[in-house]
Amino acid sequence: MTGGPVVRAAGLTRVFEGRVAVAALDLTVERGRVLGVLGPNGAGKSTTVRMLTGLLRPTSGTVDLFGERVTPRTAPLLRARVGVQTEANLYHRLTVAENLRTWGDLHGLPRRTTERRLTEVLEILGLADRRDTPVGSLSKGLRQKAKIGRALLAEPELIFLDEPTAGLDPASALDVLDHLAKLRAEGGTTIVLCTHQLHGLESLCDDVVMLDRGRVVAAGQVDDLLARHWPTREYVIRVGDRALADSVVADLRASGHAVEEPESADPSLHDLYFRMLAGEQQ
Ligand SMILES: Nc1ncnc2c1ncn2[C@@H]1O[C@H](COP(=O)(O)OP(=O)(O)OP(=O)(O)O)[C@@H](O)[C@H]1O
């Protein structure tokens with residue numbers, strides 16, 4: 001274990017049949033931070049995550065996890081330290097609990113730990129009453145939850161989640177994001193998260209990488225990016241009295257401040273996303 005970044009990619013590139021899916025991506029994720037990988041459909045998010053987890057070989061470039069180079073030889077061992085929610089299938093004929101137990105065994109968890117975590121994780125995800133249901137008879141959203149449960153089971157120090165809230169109802173999506181926020185607040189867990197779910201994401205992600213057609217259109221700390229793109233602050237000031245509001249605005253204008261008709265408060269990642277993908281400069 002080194003003190004360096006938990007995830008480091010350099011020049012990461014993947015070409016599929018002559019088409020560049022990810023182009024020369026550099027990124028680092030420090031311990032305990034949450035990185036959001038954002039971008040429209042086909043931007044290269046899943047391809048990036050699959051390369052970062054050693055599930056897909058890059059055409060060129062390198063990935064280091066925990067300071068160790070990911071190669072076909074090291075990938076299985078490194079992956080054992082990582083929680084990955086990917087498209088990889090659950091066993092449909094096994095129950096939710098049996099699937100997670102199998103996963104626990106694969107990660108070398110003692111059975112007692114697996115049983116404890118199984119109960120905790122199913123509770124967090126609202127799946128406790130589906131513990132003994134075969135995965136094949138779960139709805140798509142519930143299956144998605146079971147995959148998230150699999151990624152969280154071993155309390156991994158590094159978690160990769162690819163669209164964890166896709167297919168979840170709004171309350172369940174919030175539960176999952178709240179749990180990730182709790183892990184972040186507790187510290188120590190590093191999370192890489194691909195998502196289209198932008199609302200509220202600025203309070204979960206420390207850093208973002210925004211991709212468009214395989215290229216980085218913005219990268220950095222969320223606070224820095226928002227401050228850089230919205231250097232002025234906007235306020236919505238609510239006062240009960242219309243005349244008072246008008247006089248506050250009149251005073252500000254009289255003292256030389258430009259006051260627009262205010263509509264929105266703080267810019268969000270949602271705003272940044274659409275600004276960057278509209279082709280404006282970084
Ligand atoms: N196995 C594959 N074979 C050929 N092309 C692929 C393969 N996997 C991905 N691609 C292509 O690579 C590009 C990036 O795909 P990727 O799945 O990484 O995008 P994404 O950002 O995750 O999209 P989405 O938000 O729709 O899931 C797309 O053009 C896609 O068609």
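If you read the sequence from its start, that first residue is 1, and numbering goes on from there. We count ligands from 1, going down the list as the structure has it; atoms in each ligand are counted the same way.
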salt_bridge(R116, E155) N-O dist < 4.0 Å: yes
Are the charged groups of D206 and R184 less than 4.0 angstrom apart, N to O? yes
Same apolar cluster (I L V M F W Y, side chains within < 4.5 Å links), V63/V15: no
Run through all N or O atoms in ligand 1 and write down each protein N or O closer than 3.5 Å, as a pair with its distance.
{"from": "ligand 1", "atom 1": "18 (O)", "to": "S46", "atom 2": "N", "distance (Å)": "3.4"}
{"from": "ligand 1", "atom 1": "18 (O)", "to": "T47", "atom 2": "N", "distance (Å)": "2.9"}
{"from": "ligand 1", "atom 1": "18 (O)", "to": "T47", "atom 2": "OG1", "distance (Å)": "2.5"}
{"from": "ligand 1", "atom 1": "19 (O)", "to": "G44", "atom 2": "N", "distance (Å)": "3.3"}
{"from": "ligand 1", "atom 1": "21 (O)", "to": "A43", "atom 2": "N", "distance (Å)": "3.0"}
{"from": "ligand 1", "atom 1": "21 (O)", "to": "G44", "atom 2": "N", "distance (Å)": "2.9"}
{"from": "ligand 1", "atom 1": "21 (O)", "to": "K45", "atom 2": "N", "distance (Å)": "2.9"}
{"from": "ligand 1", "atom 1": "21 (O)", "to": "K45", "atom 2": "NZ", "distance (Å)": "2.7"}
{"from": "ligand 1", "atom 1": "22 (O)", "to": "S46", "atom 2": "N", "distance (Å)": "2.9"}
{"from": "ligand 1", "atom 1": "22 (O)", "to": "S46", "atom 2": "OG", "distance (Å)": "2.8"}
{"from": "ligand 1", "atom 1": "23 (O)", "to": "G42", "atom 2": "N", "distance (Å)": "2.8"}
{"from": "ligand 1", "atom 1": "25 (O)", "to": "N41", "atom 2": "ND2", "distance (Å)": "3.2"}
{"from": "ligand 1", "atom 1": "25 (O)", "to": "K45", "atom 2": "NZ", "distance (Å)": "2.7"}
{"from": "ligand 1", "atom 1": "25 (O)", "to": "H196", "atom 2": "NE2", "distance (Å)": "2.9"}
{"from": "ligand 1", "atom 1": "26 (O)", "to": "N41", "atom 2": "ND2", "distance (Å)": "2.9"}
{"from": "ligand 1", "atom 1": "26 (O)", "to": "G42", "atom 2": "N", "distance (Å)": "3.4"}

Kindly say whether I159 contributes a backbone atom to a donor-acceptor pair with the side chain of T189 at under 3.5 angstrom? no
For Y91, is the OH atom crowded, meaning more than 12 foreign heavy atoms sit under 6.0 Å from it? no
Please determine if R117 and E120 form a salt bridge, counting it only when a charged side-chain N lies under 4.0 Å from a carboxylate O. yes
